[in-house]
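To start, the structure itself, in structure tokens.
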2 protein chains.
Amino acid sequence: MNVENSKSQMRKGMLEYCIMLLLRRRPSYANEIISLLKSADMIVVEGTLYPLLTRLKNDGMLRYEWQESKQGPPRKYYALTEEGQEALTQLDASWEELAKTVAILQSGQHLLPHTE
Amino acid sequence: MNVENSKSQMRKGMLEYCIMLLLRRRPSYANEIISLLKSADMIVVEGTLYPLLTRLKNDGMLRYEWQESKQGPPRKYYALTEEGQEALTQLDASWEELAKTVAILQSGQHLLPHTE
DNA sequence: CAAATGAACCTTGCAATACAAGGTACTATA
DNA sequence: TATAGTACCTTGTATTGCAAGGTTCATTTG
């Protein structure tokens with residue numbers, strides 16, 4: 001992921017950002033991520049999440065580790081890499097900017113001098 | 001546009017919202033919208049904007065009106081319809097929610113009780 | 001007055017991606 | 001041993017942002 005592109009990505013979706021925020025706290029596996037996001041009122045489904053996790057892993061943002069579970073099959077725990085942590089820091093900044101932009105648009109300060 | 005769908009849309013892009021925010025202030029035409037968004041640090045290009053305006057118009061959110069210009073060809077001024085204004089109010093609320101969700105995720109309050 | 005420039009409009013094709021739907025494998029329980 | 005539950009993943013479709021290219025009209029310039 002390059003940072004130039006991040007604002008563009010952010011326009012499309014907050015999802016990557018939200019998932020990385022989750023993983024900043026602690027490693028997690030797909031079904032847990034879905035539950036956690038649901039508990040934060042953000043809906044995600046498997047068909048969205050799996051490709052996204054793979055994408056982030058291929059971009060070097062995440063790595064995973066198989067871990068046995070006491071109930072059911074083993075789980076693939078994803079965690080942020082060093083690179084992922086740095087990227088996330090930049091996404092934090094992008095989110096700040098985006099929120100600021102929206103605030104400006106909401107307040108109407110975007111008005112240009114009347115050039116007519 | 002149905003409101004059920006709006007949060008989903010918002011995940012993908014803030015663009016519709018931002019454009020409707022602009023038009024809440026006053027009617028505007030495509031090139032001006034691009035300039036205004038640029039001045040608010042949000043990049044949009046023609047190939048994105050025209051289809052989007054058409055979509056919003058077809059959904060009943062916008063209407064337009066031709067207006068002569070002192071320089072160059074006439075301009076198509078877009079404005080929010082009644083319905084568009086109502087939808088925008090709901091988008092305001094969706095944005096609130098999204099921002100709150102992000103805040104929760106940033107703070108780590110999303111952690112579920114450890115079910116192991 | 002012809003040509004170039006600029007400002008407005010719009011369309012087409014591509015790539016990314018969210019989601020619905022469906023599929024596989026392992027574990028535990030009935 | 002069959003069913004349910006939990007985990008993994010893939011495929012196909014629809015949306016949509018964007019790059020690139022195209023048209024029209026008015027003004028300016030050669």
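Keep in mind that the numbers below use all heavy atoms, side chains included, and drop hydrogens, waters and symmetry copies. Each chain gets a letter, A, B and so on, in the order the sequences are listed, and its residues count up from 1.
Set against D/dC8, D/dG17, C/dA18, the side chain of A/Leu15 has C/dA18 as its closest nucleotide. For B/Pro73, taking side-chain heavy atoms from C-beta onward, the closest of the listed nucleotides D/dT10, C/dA7, C/dC10 is C/dA7. Closest to the side chain of B/Val45, from the set D/dC18, D/dC9, C/dC10, is D/dC18. Checking C/dC9, C/dA18, D/dA7 against every side-chain atom of B/Tyr29, the shortest atom distance belongs to C/dC9.
The distance between atom CG of B/Leu56 and atom P of C/dC10, rounded to the nearest whole Å, is 14 Å. The distance from atom NZ of B/Lys76 to atom P of D/dC25 is 15 Å, rounded to the nearest whole Å. Following rounding to the nearest Å, A/Tyr77 (OH) and D/dT6 (C1') show an atom-to-atom distance of 12 Å. When rounded to the nearest whole Å, the span between CE of A/Met42 and C1' of C/dC19 equals 15 Å. Atom P of nucleotide D/dT16 and atom CG of B/Leu49 are separated by 14 Å, given to the nearest angstrom. Remark: C1' of C/dA16 and CG of A/Asn58 are 15 Å apart, rounded to the nearest angstrom. Regarding A/Trp66, its CH2 atom lies at a distance of 10 Å from the C1' atom of C/dA25, rounded to whole Å. Between the CG atom of A/Leu37 and the P atom of C/dA18 there is a distance of 13 Å, rounded to whole Å.
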Stepwise salt bridge (Lys or Arg N to Asp or Glu O under 4.0 Å) test for A/Arg55 and A/Glu16: CA-CA 10 Å; A/Arg55 221 183 301 145; A/Glu16 278 186 9; 3.7 Å; yes
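Each of A/Pro51 and A/Glu68 has a nearest nucleotide on DNA chain C; the 5'-most of these lies closest to A/Pro51. Of the residues near DNA chain D, A/Pro74 and A/Gly47, the one whose nearest nucleotide (by heavy atom distance) lies more toward the 5' end is A/Pro74. Across the interface with DNA chain C, nearest-nucleotide mapping of B/Thr48 and B/Asn31 shows B/Asn31 to be the residue nearer the 5′ end.
Side chain of A/Thr101 to main chain of A/Glu97: a donor-acceptor pair is present (N/O by atom type, distance under 3.5 Å, no hydrogens or angles).
Under 3.5 Å, the side chains of A/Tyr17 and B/Gln106 contain a donor-acceptor pair of N or O atoms.
Taking only distance into account, the side chain of A/Glu46 never meets the base of C/dC19 through a donor-acceptor pair shorter than 3.5 Å.
Atom CD of A/Glu65 has 12 or fewer neighbouring heavy atoms from other residues, nucleotides or ligands inside a 6.0 Å radius. More than 12 heavy atoms of other residues, nucleotides or ligands sit less than 6.0 Å from atom CD of B/Gln67.
OP1 or OP2 of D/dC8 lies within a sub-4.0 Å distance of a side-chain N or O belonging to A/Tyr50. B/Arg55 has a side-chain polar atom (N or O) that falls below the 4.0 Å cut-off from OP1 or OP2 of D/dG17.
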